[in-house]
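Note sheet for the following structure.
Treat the numbers as computed from the prediction; the structure is a model and nothing was measured. Chain letters run A, B, ... following the sequence lines, proteins first and then strands; every chain starts at 1.
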Protein chains: 2
Amino acid sequence: MANRRASITDLAKTLGLSPSTISRALSDHADVSEATKARVRQLAEEMHYQPNQLAAALRRGRSNTLGVLVPHITGHFFPLVVNGIATEAAKLGFNVMICQSNEDARQEQKNIDLLMNSQVEGILVSLANTTQSFGHFEAVRQQNIPLVFFDRMVEDFEGSNVSAVVIDDYQGAYQVVTHLIEQGCTRIAHFTGPLHLSIHKNRHQGYLDALVAHGLPIAPELTVHCEMNQKGGQTAMRQLLRLPAAQRPDGVFSSNDLAAVGALQAVKAHRLRVPKDVAIVGFSNEVFTALTEPMLSSVDQRCEQMGKTAVQLLQKMLKSGPNRVGPPKPIVLKPKLLVRESSQRR
Amino acid sequence: MANRRASITDLAKTLGLSPSTISRALSDHADVSEATKARVRQLAEEMHYQPNQLAAALRRGRSNTLGVLVPHITGHFFPLVVNGIATEAAKLGFNVMICQSNEDARQEQKNIDLLMNSQVEGILVSLANTTQSFGHFEAVRQQNIPLVFFDRMVEDFEGSNVSAVVIDDYQGAYQVVTHLIEQGCTRIAHFTGPLHLSIHKNRHQGYLDALVAHGLPIAPELTVHCEMNQKGGQTAMRQLLRLPAAQRPDGVFSSNDLAAVGALQAVKAHRLRVPKDVAIVGFSNEVFTALTEPMLSSVDQRCEQMGKTAVQLLQKMLKSGPNRVGPPKPIVLKPKLLVRESSQRR
DNA sequence: CTGAAAGCGCTAACAA
DNA sequence: TTGTTAGCGCTTTCAG
């Protein structure tokens with residue numbers, strides 16, 4: 001009943017061989033005769049032998065495992081990134097250990113420790129938004145464990161073994177606004193969340209710069225700070241629709257998709273048409289953007305690509321060893337504008 | 001540069017103590033003087049000591065880790081369940097190792113092996129839908145590693161150390177239909193996917209039984225097999241709306257939310273009102289159900305609860321040891337009907 | 001081609 | 001209260 005697992009020693013005894021031979025046979029070492037390998041493999045099968053990775057990792061000093069730490073594992077974005085990470089890691093022969101910080105700096109700390117204790121060979125992390133100090137990454141740096149930030153990074157983190165991959169929010173916003181202008185919009189509103197968050201700050205800047213680049217004026221009343229959810233979008237849109245006709249926007253770029261849906265609903269409730277009277281574009285390419293009527297244009301953040309790139313980066317660092325000094329230059333992914341019905345005017 | 005991690009032995013040497021004392025001090029063993037503990041802890045801090053869990057686990061024969069295997073880590077359902085699992089596991093002091101099978105039986109096999117090799121103390125798994133044979137669980141059973149299936153289980157898996165937690169799809173469907181009847185619907189249609197999948201089979205049966213229980217006739221033309229996505233729902237609904245007025249449904253229960261959205265759109269396109277002319281209810285409580293107009297009623301599957309329950313079950317098995325024989329009686333969670341606008345008639 | 005022996009870092013008898 | 005010792009299961013020199 002208390003079925004102890006078969007070990008190499010067990011196999012060795014049963015076959016009258018030494019543990020070393022068994023070990024070599026199982027890892028298909030060239031120095032072992034085919035005959036022996038065959039016997040070993042067969043017995044291993046029969047005895048349901050399972051190698052003990054803990055022991056192997058301890059002995060080798062390499063765990064073959066990567067650690068992943070995300071703020072949460074629900075929602076739209078992170079599961080996709082994690083999927084990209086897991087897929088690429090598997091391809092490269094790594095196992096993956098996934099933790100979530102629940103957006104809490106304390107837990108982030110704990111999880112980093114956990115990953116280190118688990119002897120991961122590298123860590124991929126997206127910061128909790130409450131994280132203000134970075135002491136818990138000190139140990140990672142000290143021990144020279146490769147660290148890749150993705151999406152949310154420490155801006156001024158110095159280290160020879162640190163890297164990052166982020167999405168170019170500015171560029172995404174710039175593309176959106178350029179697109180809206182090409183569709184004939186001349187008064188483009190922007191819904192934004194708190195500007196101390198870099199995603200909103202960068203998207204807002206992209207919005208402003210694109211307007212300027214195309215010779216359009218910047219109308220302060222068209223930048224609306226609102227709750228970035230459906231209700232907030234509705235409220236913000238209603239407010240804009242109350243403006244005198246000449247000041248009313250004919251295009252909306254929302255910093256996220258939920259608020260864009262709210263805007264869409266408000267416009268429809270106002271008996272105006274989307275995209276004819278008001279064109280709307282969101283950000284993130286959430287699942288539901290394909291379900292609205294009209295379907296919502298949005299910006300795809302290439303989540304899987306981000307995960308994949310992050311792992312490749314880590315792999316490179318693992319291979320080449322530490323060699324850089326100073327803060328990392330993050331790899332910046334170009335987002336992809338997806339034009340759907342809500343902003344397509346011809 | 002090649003910073004080896006500080007070990008217990010290192011601490012011992014530095015302090016002129018034995019490794020065992022260090023070990024005990026670090027784990028706050030009662031037999032160590034407070035003075036010593038303080039010294040040890042301080043040095044550990046200074047040297048950035050990180051315990052090597054691999055070594056500890058190897059020595060103790062307990063890894064303190066649970067394995068989780070899901071078909072995929074994207075979408076709506078599984079991330080929430082995994083979240084429930086991770087949260088509860090953390091509460092009970094377990095680490096969690098998460099794998100995905102990508103709905104592929106081969107990968108499932110590999111992942112099970114991986115988890116076993118990693119010496120997990122228990123495994124939580126939701127089957128890939130291509131899984132037909134269960135040989136890869138043989139090893140798990142052999143070694144008496146507690147196994148908990150969630151959501152998708154092996155119906156006739158016998159074992160003293162196996163358990164399961166599932167959602168009562170039948171009950172959920174029954175609730176939906178009863179609700180629709182209470183709202184005054186008398187001709188209720190059902191959109192279903194392939195009936196060889198138990199989720200659809202059970203929901204369909206719940207639909208039929210609820211009709212019978214309330215004395216309503218079963219109209220075969222009202223069970224529509226369709227692609228369970230938005231397009232499929234639209235097509236199915238249009239087809240139903242072409243029926244002669246007397247045969248047309250005044251209520252729709254869709255086996256998932258996507259098709260329900262499609263139905264909603266088709267009804268609106270037909271200039272009929274929801275819920276007045278046709279009431280609609282979906283299944284799964286996807287995020288977007290709260291974004292439609294009117295908001296879509298649906299059935300919440302208590303994903304987090306499922307994860308939590310699964311872990312608790314595992315914990316119980318771990319504590320009590322194997323004691324049952326024969327196939328497990330799964331724990332069945334009651335789903336929760338969420339009545340929103342699309343089916344609320346007063 | 002195979003075996004003997006050492007040791008990865010930690011814990012837990014047992015001894016002092 | 002602390003130290004000694006042995007060993008978890010595996011890999012890897014080094015010697016046959």
How close or far is atom P of D:dG9 from atom CD of A:Gln50, stated in whole angstroms?
-> 14 Å
How close or far is atom C1' of D:dG9 from atom CD1 of A:Ile22, stated in whole angstroms?
-> 13 Å
Heavy atoms under 4.0 Å, any strand shown: does B:Leu17 hit a base, just sugar-phosphate, or nothing?
-> sugar-phosphate
Whole-Å distance between C:dC1 P and A:Arg39 CZ?
-> 15 Å
So, is B:Ser18 close to the D:dG3 phosphate, meaning a side-chain N or O under 4.0 Å from OP1 or OP2?
-> yes
Heavy-atom protein contacts under 4.0 Å, nucleotides 11-16 of chain D, coded B base, S sugar-phosphate only, - none = BBB---
Please examine the side chains of A:Val125 and A:Leu147, heavy atoms only from C-beta on, and report whether any two atoms are closer than 4.5 Å.
-> yes
Could you state the NE2-P distance from A:His29 to C:dG3, rounded to the nearest angstrom?
-> 14 Å
Minimal heavy-atom distance between B:Ala105 and B:His136, with the atoms involved, is O-NE2, 4.5 Å
Quick one: list whatever passes ring-ring contact (aromatic ring centres under 6.0 Å, His included) with B:His72, sequence neighbours left out.
-> B:Phe78
Side-chain H-bond candidate by donor/acceptor type, B:Asp10 with B:Ser7, under 3.5 Å | yes
B:Leu15 atom CG is separated from D:dT2 atom P, nearest whole Å, by 11 Å
Quick one: B:Arg62 CZ to C:dA12 C1', roughly how many Å, whole number?
-> 15 Å
Respond yes when some side-chain nitrogen or oxygen of A:Thr9 is under 4.0 Å from OP1 or OP2 of D:dC10, and no when none is.
-> no
Just how far, in rounded Å, is C1' of D:dT2 from NZ of B:Lys37?
-> 13 Å
Rounding to a whole Å, what distance do you find between A:Asp28:CG and C:dC1:C1'?
-> 15 Å
Touch class at under 4.0 angstrom, heavy-atom based, for B:Asn52 against every strand present | sugar-phosphate
Any donor-acceptor N or O pair under 3.5 Å, side chains A:Thr36, A:Ser33 = yes
N or O in side chain of B:Thr36 less than 4.0 angstrom from D:dT2 OP1/OP2 | yes
Listed by chain and number, what are the salt bridge (charged side-chain N to carboxylate O under 4.0 Å, His left out) partners of A:Asp28, not counting sequence neighbours?
-> A:Lys37, A:Arg41
Could you grab the distance from atom OG of A:Ser23 to atom NE2 of A:His29, nearest 0.5 Å is fine?
-> 9.5 Å
Hey, which sits more toward the 5' end of DNA chain D by its nearest nucleotide, B:Leu58 or B:Ala30?
-> B:Ala30
